[in-house]
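The structure appears right after this line, and notes come after that.
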Amino acid sequence: MGSLETPTSAENNGAATPASGTTGDADQKPLVVRNGARAEMTLESEALKKRRNSVLPLDVGSRVMCRWRDGKYHPVKVIERRKMHSGGPNDYEYYVHYTEFNRRLDEWVKLEQLDLDSVEAVVDEKVEDKVTSLKMTRHQKRKIDETHVEGHEELDAASLREHEEFTKVKNIATIELGRYEIETWYFSPFPAEYSDSLKLYFCEFCLNFMKRKEQLQRHMKKCDLKHPPGDEIYRSGTLSMFEVDGKKNRVYGQNLCYLAKLFLDHKTLYYDVDLFLFYVLCECDDRGCHMVGYFSKEKQSEESYNLACILTLPPYQRKGYGKFLIAFSYELSKKEGKVGTPERPLSDLGLLSYRGYWTRVLLDILKKHKGNISIKELSDMTAIKADDILTTLQSLELIQYRKGQHVICADPKVLDRHLKAAGRGGLEVDVSKLIWTPYKEQG
């Protein structure tokens, strides 16, 4: 630091000149004061250095404030650390979880992003959870539950800790898919030979993935696919839906699962894709059909599941595609003559999407319907499972229990208010453009 160096003659000449009539001793006073300030700063610097060395390297589990991409400091927990190739004994990078946000924002950060004065020692997780729970408001608890726990209801505490330990660090930071470079959200168990790759390059048509751009360029010259393998079952304008049989296109199905797991925290990765059908939604142009999202479903589900996984890729989110995929899954259920429900658990984003879809569909019918209508009739009309209808209407406080049965209370003003809160419905499925035979009837 310049202020700690011995002043040069130029610096002395540049110092304030004492008033005329002062003695030589007075001439030296400014220099004495400056040297004293330097001594104090040196002591402060040494104290800071000692403080820095005393907390570094940070232990896994430490809490500290970290500068995020918005330029502000947020509380984080250190999940993992790794040694810098070129640096001193305390030079580490830290993988942190922003405790205010979903795990999808976890990332590696440099030491300079951390406020070392805010470091808290590692504390017992059970004690910390209890204290945090006492301090949080009911709204904060609900927000944390929706963003962190949603999707893991089937796991007990030990299993949840094991899941988070195994998947705690994102292994792939970014992917290239078509014309997009996409930051990943979560860990995905790619084969071991890809463990040293921070970025992967996907063929957007066959979904083969490579370590280097040059490999992808060579592959694209040989790959003759311009759309997902399988049957095109829907085409409306520039939107197409392809049905891909996991048994007939096993490698594609597995690659799609690897890709999807980068953006889904809660789902088990199925290596046996033979039992699943994949419905891949694409935007089409003169270069081919480009995947924007997909959903999968079991060929035969004893629990009436009409959807197993659903994902809209990040570049295409907030365009209504998620709502379209949900609506499409119910149109398939109608064609099958069955009621359907999504496989549990739902992700946080999935739950919000489904609640919005169920609300819009049910309230649209209630607004237009004259006279009484039962939950069974609503289920027959929409292919939505009766339990989902009941919980949706209960959450909107539109159900009352009278004389041993549930009664729907549909005040028009209340319906309008809820419909407005649910938002717009997104893209419509033009059923006349759906050409599809249910799986059980194929072959």
Side-chain angles (χ1 to χ4, degrees), residues 68-69 80 82-87 93-96 103-110 113 167-230 238 240 242 244 246 249-265 267 269 271 273 278 280-294 296 309 311-319 321:
W68 194 46
R69 60 191 69 173
E80 191 57 272
R82 65 187 180 195
K83 198 86 170 59
M84 301 278 285
H85 293 301
S86 57
E93 285 183 310
Y94 297 93
Y95 192 79
V96 300
R103 283 192 355 152
R104 67 175 67 101
L105 297 178
D106 294 2
E107 63 180 349
W108 288 101
V109 299
K110 305 288 187 184
Q113 292 175 249
T167 64
K168 65 182 181 180
V169 177
K170 276 183 274 194
N171 49 341
I172 308 297
T174 57
I175 62 166
E176 185 174 304
L177 181 70
R179 59 193 179 96
Y180 291 105
E181 182 177 87
I182 310 171
E183 289 186 12
T184 64
W185 292 358
Y186 302 111
F187 171 90
S188 182
F190 283 89
E193 59 265 33
Y194 297 92
S195 60
D196 60 344
S197 303
L198 291 178
K199 181 175 181 179
L200 290 180
Y201 299 85
F202 279 80
C203 170
E204 63 174 328
F205 301 118
C206 72
L207 296 187
N208 281 349
F209 46 88
M210 302 104 194
K211 291 183 176 183
R212 299 191 305 277
K213 180 82 170 181
E214 299 78 19
Q215 291 176 304
L216 176 64
Q217 290 169 340
R218 288 197 298 269
H219 168 85
M220 295 304 293
K221 292 177 181 177
K222 296 183 290 184
C223 184
D224 54 4
L225 279 179
K226 294 299 177 184
H227 57 75
T238 59
S240 282
F242 290 83
V244 181
N249 300 279
R250 193 169 293 148
V251 173
Y252 181 91
Q254 290 173 345
N255 290 346
L256 180 55
C257 289
Y258 281 128
L259 172 63
K261 187 65 185 69
L262 291 169
F263 306 100
L264 296 172
D265 183 31
K267 286 295 183 185
L269 182 67
Y271 294 97
V273 295
F278 299 91
V280 184
L281 180 63
C282 297
E283 284 183 352
C284 301
D285 58 25
D286 55 357
R287 297 184 299 111
C289 297
H290 315 282
M291 183 177 75
V292 304
Y294 87 104
S296 61
C309 270
L311 172 70
T312 304
L313 290 168
Y316 300 98
Q317 290 177 0
R318 301 185 181 277
K319 296 183 178 181
Y321 289 130

Original post:
How many angstroms lie between atom SG of Cys206 and atom NE2 of His227, to the nearest 0.5 angstrom?
Top reply: 12.5 Å

Original post:
For the residue pair Phe190 and Phe209, is the inter-centroid distance of their aromatic rings smaller than 6.0 Å?
Top reply: yes

Original post:
Can you tell if the side chain of Phe278 reaches within under 4.5 Å of the side chain of Leu256, non-hydrogen atoms only?
Top reply: yes

**OP:** Verify whether one side chain among His290 and Glu204 offers a donor that lies under 3.5 Å from an acceptor in the other.
**Re:** yes

Original post:
Considering only heavy atoms from C-beta outward, does the side chain of Tyr294 approach that of Thr312 to under 4.5 Å?
Top reply: no

Original post:
Is there side-chain contact between Gln113 and Arg69, with at least one heavy-atom pair below 4.5 Å?
Top reply: no

**OP:** Please list, chain by chain and in numerical order, all residues satisfying ring-ring contact (aromatic ring centres under 6.0 Å, His included) with Tyr201, sequence neighbours excluded.
**Re:** none

Original post:
Going by heavy atoms in the side chains, are Tyr252 and Val280 under 4.5 Å from each other?
Top reply: yes

**OP:** Look at Asp196 together with Lys211 and state whether they make a salt bridge at an N to O cut-off of under 4.0 Å.
**Re:** yes

**OP:** Identify the two heavy atoms, one from Val244 and one from Pro228, that lie closest to each other, and give their separation to 0.1 Å.
**Re:** CG2-CB, 4.3 Å

**OP:** Keeping the roles fixed (side chain from Ser188, backbone from Tyr258), state whether a donor-acceptor pair exists under 3.5 Å.
**Re:** yes

Original post:
Got a donor-acceptor contact below 3.5 angstrom from the Asn255 side chain to the Leu207 backbone?
Top reply: yes

**OP:** Give every residue pair that meets the side-chain hydrogen bond (donor to acceptor under 3.5 Å, both in side chains) criterion with at least one member in residues 171-184, sequence neighbours excluded.
**Re:** Glu176-Lys213, Glu181-Lys199

Original post:
Are the charged groups of Glu283 and Lys319 less than 4.0 angstrom apart, N to O?
Top reply: no

**OP:** Test side chain to side chain contact (heavy atoms under 4.5 Å, CB included) on Trp185 and Leu262 and set out the steps.
**Re:** CA-CA 6 Å; Trp185 292 358; Leu262 291 169; over 6 Å; no

Original post:
Hey, are the side chains of Val96 and Glu80 touching, using non-hydrogen atoms and a 4.5 Å cut-off?
Top reply: no

Original post:
Between Phe205 and Lys226, is any pair of side-chain heavy atoms under 4.5 Å apart?
Top reply: yes

